[in-house]
Amino acid sequence: MTENTQQPATGPHGVPTDLPSRYTPAEVEGKLYERWVERGWFEADAKSDKPPYTIVIPPPNVTGSLHLGHAFQHTLMDALTRRKRMRGYEALWLPGMDHAGIATQNKVEQQLAEEGKSRHDLGREEFVERVWRWKEEYGGKILGQMRRLGDGVDWSRERFTMDEGLSRAVQTIFKRLYEDDLIYRAERIINWCPRCLTAISDIEVDHEERDGELVSIRYGEGENSLVVATTRAETMLGDTAVAVHPEDERYRHLIGTEVRLPLTDRGIPVVADEHVDPGFGTGAVKVTPAHDPNDFEIGRRHDLPSYTIMDERAVITVPGPFEGLDRLEARSAVVGALRSQGRIVAEKRPYVHAVGHCSRCATIIEPRLSLQWWVRVEPLARAAGDAVRDGRVAIHPPEMAGRYFQWVDNMHDWCISRQLWWGHRIPVWYGPNGEVVCVGPEEEPPTGEGWTQDTDVLDTWFSSGLWPFSTLGWPEETADLAKFYPTDVLLTGHDIIFFWVARMMMFGLYAMDGTPPFHTIALTGLVRDERGKKMSKSFGNSVDPLDWMDAYGSDAVRFTLARGANPGVDVPIGEDWVQASRNFANKVWNATRFALINGATVEGPLPAAERMSATDRWILSRLAAVVAETDAHYDDYQFAKLCDTLFHFAWDEVFDWYVELSKTTFQAGGEAAEVSRRVLGEVLDVLLRLLHPIVPFVTEELWTTLTGRESLVVADWPTAGGFRDEEAERELAEVRRLVTEVRRFRADQGLQPGQRVPSRLDLGGTGLDAHEEAVRSLLRLQPAGPDFIASATLPVGGAEVALDLSGAVDTEAERKRLTKDLAVAEKELAQTTAKLGNEKFLAKAPEPVKEKIRARREAAEADIARLTAQLERLAG
RNA sequence: GGGCGCAUAGCUCAGCGGUAGAGCGCUUCCCUUACAAGGAAGAUGUCACAGGUUCGAUCCCUGUUGCGCCCACCA
């Protein structure tokens with residue numbers, strides 16, 4: 001409470017209206033959120049008759065806490081579901097978290113490392129136990145952050161990807177895919193991380209341009225020699241061939257012969273393969289089938305043997321001088337040895353080429369021959385692509401669809417097995433005689449001597465891909481699944497289109513008989529700092545949303561994020577932005593406070609149009625337009641625009657003009673005041689409803705006070721198409737113009753804004769007589785006394801304002817202003833006249849455009865006449 | 001090597017065929033009885049460059065330059 005609090009103590013409903021003059025988020029947010037949850041308003045009812053509206057949350061990783069990017073997406077999803085709930089939908093926003101296999105395991109391993117231990121010291125079971133404890137701790141933090149943000153999620157349906165139910169879903173679909181021959185086990189070259197000690201999929205590899213060294217090595221002797229180039233010289237220890245193009249004249253004589261592999265005593269064949277580009281390098285390629293995906297394919301085509309030359313940690317295992325060396329040490333050692341034998345014919349360094357790194361730990365990937373489980377992607381990805389192509393699923397913004405197609409149309413088979421402990425264990429058992437049995441969730445695994453379960457776990461994205469239906473109870477035919485699948489909108493960052501979105505599409509279409517998991521994919525940008533830089537912990541510019549929520553309130557953070565949300569575009573955000581939003585919340589607070597003090601009400605029907613002033617009709621007309629605009633922006637996922645619309649309507653029109661104009665009315669009292677009280681109540685009622693999905697806390701607090709009703713969460717969304725009155729809109733535009741022009745004159749004359757000035761106000765011919773009191777009040781114009789002497793007279797439209805400035809007219813300032821305005825008007829006249837004199841323009845321009853130009857010319861002519869007259873008066 | 005996007009006020013971004021917009025910042029004045037987290041007034045842009053289409057281009061087309069981003073098994 002502050003001392004400038006106003007009476008009366010109670011408003012129209014006996015509700016206290018002595019709101020403090022500042023909005024203090026901390027005093028209302030926690031209390032309101034708890035109430036919303038207690039009342040169960042976020043809990044969806046699968047048995048409801050209402051149409052469903054479903055969004056599943058992109059489950060955050062349990063590895064940490066929510067960052068601004070999460071807060072951003074959560075705000076948008078919350079706004080969508082809150083609005084739909086208000087519109088009468090059975091709205092479900094389903095929360096949960098992802099176990100994030102490799103990421104979480106790495107975190108816990110780091111923790112162990114600080115204790116000087118490794119996971120192997122604990123053993124698998126104890127280690128997994130430890131990860132669960134980690135999940136409890138960090139998961140709890142995330143849930144707390146979501147509550148602070150005001151996320152209206154259905155906590156009764158909270159899910160975790162390692163829940164029993166979700167694990168059953170994983171097993172079920174694994175078995176189904178296996179039986180459909182869409183999951184298979186095969187030995188292939190995979191991306192191996194020598195630090196994480198697991199295979200990873202193609203998208204988990206980041207390619208970075210790095211400086212390397214390209215060395216050219218002579219294989220074989222004399223006439224029978226050729227030169228190959230490589231950046232990974234150590235792999236030559238595993239070479240089993242040299243390949244050349246079959247048409248390449250230079251090497252035709254060598255095809256089918258053997259060359260001696262340096263540093264070893266092996267002879268390797270020269271094979272002909274179409275894959276080799278004769279124009280690149282020397283046109284001859286060394287072939288290492290066990291350590292390079294291309295070479296593996298060549299090896300397959302030519303039935304070449306594969307020699308694995310490194311262990312899991314990328315240490316050379318080939319007996320000899322290089323044994324025991326790390327791959328990078330081996331690289332220079334091999335090059336050194338070759339050089340001393342005179343076999344290096346050329347070296348190029350630095351040689352810039354793309355090197356794959358583990359996206360989790362940045363270690364350089366080592367391609368490695370390995371037996372893994374795979375998803376046969378082609379049929380699934382084709383279906384996923386078709387669903388978007390034929391319009392069953394829309395991508396917002398549409399430009400992003402290109403990226404989606406680029407991926408689903410070119411996807412390679414997906415390596416899904418991981419040599420980790422944290423995750424869904426592969427439901428396959430191996431028998432003593434090489435039997436392989438895939439075990440479904442309701443089945444008993446085979447028992448008996450020699451049977452063992454596969455020790456690997458599944459890629460974490462395997463279970464996330466099931467999220468839209470596994471969370472609703474699939475494979476059981478639950479009421480939730482029937483009611484809430486398919487979901488409506490999938491809202492997420494464009495950075496996980498491949499990781500997650502495409503996988504959900506593939507699995508959703510497959511598991512749910514061709515029904516895509518959502519009809520709209522709304523892609524957001526990434527949150528960046530105020531200078532457009534990526535936020536990252538290592539860069540020191542990342543922000544904990546809690547800090548800003550503490551300082552400015554959740555609504556301020558939410559409004560800032562939503563206001564920056566242009567579809568698919570990155571969102572820069574700085575603390576200044578949040579302050580501005582905080583100021584907006586405070587402004588809304590104080591406007592409502594003003595309304596309460598003046599007895600604004602929402603009771604009873606709106607007064608008939610005849611009883612309302614033009615000012616009342618104007619604001620209601622604008623309100624109706626804003627409702628329609630807001631709906632349109634929501635339907636198009638244009639959050640930035642809808643925030644902007646509401647911000648400017650509220651501040652520029654309602655607060656700066658309607659409220660200011662109504663002060664005179666309230667002061668005068670009587671029926672007009674009675675009518676305006678109802679209108680002001682209506683405007684705020686609707687405005688608060690419109691703002692609620694974005695800024696739920698402050699609007700809830702104000703609306704319940706204003707209306708005496710229970711909650712905005714379950715209130716109705718305003719319906720568009722109400723009151724429109726263009727005549728009133730024009731009239732008020734005139735009033736605003738009049739006031740603004742006189743204010744400008746006052747400011748030019750150096751008058752203080754509050755200074756009262758004796759004046760004569762002649763509104764004759766403007767039709768604005770009804771606004772005289774309001775205009776006088778806004779302009780601080782005192783009625784002219786008997787000794788009134790006009791020291792300045794200015795015409796505005798059809799009105800004339802004469803002011804007594806006690807003789808102290810600054811004619812120089814006035815002359816400057818008028819001259820400048822005159823120049824502008826003359827330029828305008830010249831432009832429009834030129835246009836209207838252009839025959840081609842007259843012939844081709846559409847009528848509304850011509851009409852506009854004519855109007856502009858008329859306005860310019862009028863301005864010139866007026867300004868010229870004023871200047872003359874000034875001179876004379 | 002492919003694909004995509006962006007260049008608009010000091011900063012971050014909207015606009016996208018008919019007089020250049022917002023927020024923040026900036027200047028001047030004001031604690032006017034909702035709000036100084038506020039009010040009033042104001043300044044600021046060859047809309048990257050060069051061509052083209054058009055009666056008219058910041059907006060469409062082509063090219064140039066400069067930045068991003070995504071994808072990629074060319075040794």
Side-chain angles (χ1 to χ4, degrees), chain A residues 4 6 19 21-23 189 202-203 207 214 228-232 243 275-277 280-288 292-297 353-354 356 367 399-400 402-403 406-407 410 412 494-495 497-498 526 528 530-532 552 556 560 563-564 566 568-574 576-577 579-598 640-641 644 647-648 655-656 659-660 663 740 743-748 750-756 777-778 780 824 827-828 831-832 835 838-846 848-850 852-853 856 860:
Chain A
N4 56 348
Q6 294 299 308
L19 298 175
S21 64
R22 275 195 187 183
Y23 170 51
I189 299 284
D202 292 345
I203 39 174
H207 293 274
L214 184 71
V228 299
T230 182
T231 53
R232 292 157 65 213
H275 165 85
V276 178
D277 174 3
F280 187 92
T282 60
V285 185
K286 60 190 276 306
V287 181
T288 323
D292 184 277
N294 287 321
D295 295 3
F296 179 74
E297 292 304 322
H353 64 303
E399 308 91 81
M400 284 286 175
R403 263 192 212 186
Q406 184 181 9
W407 172 255
N410 298 299
H412 299 305
H494 62 66
D495 55 331
I497 294 176
F498 315 132
L526 277 23
R528 292 170 178 277
E530 68 270 23
R531 292 171 60 219
Y552 306 107
T560 308
R563 198 174 186 185
N566 290 302
V569 180
D570 288 350
V571 187
I573 182 171
D576 287 356
W577 282 238
Q579 275 175 20
S581 301
R582 182 270 315 265
N583 294 353
F584 177 57
N586 193 55
K587 186 74 181 175
V588 174
W589 176 272
N590 273 294
T592 308
R593 181 165 167 253
F594 169 86
L596 290 166
I597 290 165
N598 287 283
K641 284 185 184 133
D644 227 46
F647 178 90
H648 286 292
F655 304 157
D656 282 351
V659 163
E660 290 306 321
K663 282 178 179 173
T740 302
R743 276 177 177 164
R744 191 164 65 182
F745 176 78
R746 287 183 51 126
D748 283 349
L751 287 178
Q752 295 190 344
Q755 191 179 329
R756 316 241 158 216
S777 159
L778 291 178
R780 317 281 151 186
V824 171
K827 191 176 157 201
E828 174 79 353
Q831 277 178 358
T832 50
K835 255 200 165 158
N838 183 323
E839 277 173 39
K840 284 183 176 169
F841 170 76
L842 291 173
K844 298 201 175 178
V849 171
K850 285 188 266 185
K852 230 167 159 180
I853 306 274
R856 274 172 48 197

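So that the names make sense, note that chain A is the first sequence line, chain B the second, and so on, each numbered from 1. Reckoned from all heavy atoms, side chains included, excluding hydrogens, waters and symmetry mates.
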What is the distance from [atom1] of [X] to [atom2] of [N], rounded to the nearest Å?
| X | N | atom1 | atom2 | value |
| --- | --- | --- | --- | --- |
| F584(A) | rG23(B) | CZ | P | 12 Å |
| H648(A) | rG15(B) | NE2 | P | 14 Å |
| D656(A) | rU32(B) | CG | P | 17 Å |
| K827(A) | rU19(B) | NZ | P | 13 Å |
| R780(A) | rU33(B) | CZ | P | 9 Å |
| R582(A) | rG23(B) | CZ | C1' | 15 Å |
| K835(A) | rG17(B) | NZ | P | 15 Å |
| Q831(A) | rG56(B) | CD | P | 15 Å |

Problem - Minimum side-chain heavy-atom gap R232(A)-D292(A) below 4.5 Å - result: yes
Exercise for the section: Please tell me if the side chains of W407(A) and I497(A) come closer than 4.5 Å, counting only heavy atoms from C-beta onward. Expected result: no
Would you indicate what [X] reaches in the nucleic acid, counting non-hydrogen atoms under 4.0 angstrom: base, sugar-phosphate, or nothing?
| X | value |
| --- | --- |
| V287(A) | nothing |
| D295(A) | nothing |
| Y23(A) | base |
| P846(A) | base |

Practice task
Would you kindly check whether a donor in the side chain of E660(A) faces an acceptor in the base of rA34(B), or vice versa, at under 3.5 angstrom?
Solution key: yes
Is [N] paired to anything, Watson-Crick or G-U wobble with both distances less than 3.5 Å, and if yes, which nucleotide?
| N | value |
| --- | --- |
| rC4(B) | rG68(B) |
| rG42(B) | rC26(B) |
| rA9(B) | none |
| rU33(B) | none |
| rC60(B) | rG52(B) |

Rounded [atom1] spacing from [N] to [M] in Å:
| N | M | atom1 | value |
| --- | --- | --- | --- |
| rC71(B) | rU53(B) | C1' | 35 Å |
| rG56(B) | rU19(B) | C1' | 13 Å |
| rC26(B) | rG1(B) | P | 47 Å |
| rG39(B) | rU44(B) | P | 23 Å |
| rA22(B) | rC16(B) | P | 16 Å |
| rA7(B) | rU12(B) | P | 12 Å |
| rC49(B) | rU8(B) | C1' | 15 Å |
| rG18(B) | rU54(B) | C1' | 12 Å |

Can you tell me if [X] touches the phosphate of [N], counting only side-chain N or O atoms and a distance under 4.0 Å to OP1 or OP2?
| X | N | answer |
| --- | --- | --- |
| K663(A) | rA34(B) | yes |
| K641(A) | rG15(B) | yes |
| R744(A) | rG42(B) | yes |

Just by modelled atom types, is the [Y] backbone N or O under 3.5 Å from a matching donor or acceptor in the [X] side chain?
| X | Y | result |
| --- | --- | --- |
| N590(A) | R22(A) | no |
| D644(A) | A640(A) | no |
| R746(A) | L751(A) | no |
| R528(A) | I573(A) | no |

List every contact pair, protein side and nucleotides 27-30 of chain B side both N or O, where the distance is under 3.5 Å.
from, atom 1, to, atom 2, distance (Å)
rC30(B), OP1, Q752(A), NE2, 3.2

Problem - Closest-nucleotide 5' rank along RNA chain B - winner of W577(A) and T592(A) - result: W577(A)
Completion exercise
Sorted by position of nearest nucleotide on RNA chain B, 5' first, the leading residue of K844(A) and V849(A) is V849(A)
Closest listed nucleotide, where the reference is the side chain of [X] and the choices are [options]:
| X | options | answer |
| --- | --- | --- |
| I597(A) | rA34(B), rG38(B), rC55(B) | rA34(B) |
| R743(A) | rA34(B), rU19(B), rA40(B) | rA40(B) |
| I853(A) | rG18(B), rA40(B), rU12(B) | rG18(B) |
| N586(A) | rG18(B), rA37(B), rC13(B) | rA37(B) |

Between [X] and [Y], what is the shortest heavy-atom contact and its length?
| X | Y | answer |
| --- | --- | --- |
| I853(A) | F841(A) | CG1-CZ, 4.0 Å |
| A591(A) | F655(A) | CB-CE2, 3.2 Å |
| T560(A) | S581(A) | OG1-OG, 2.7 Å |
| T282(A) | V228(A) | OG1-CA, 4.1 Å |
| Q579(A) | Y552(A) | NE2-OH, 3.0 Å |
| P367(A) | I189(A) | CB-CG2, 3.8 Å |

Completion exercise
With sugar-phosphate taken as primed atoms, P, OP1 and OP2 and all else as base, the protein-contact string of nucleotides 68-75 of chain B at under 4.0 Å (heavy atoms; B, S, -) is -SSSBBBB
Problem - Euclidean distance, Y23(A) OH relative to R582(A) CZ, rounded to 0.5 Å - result: 12.0 Å
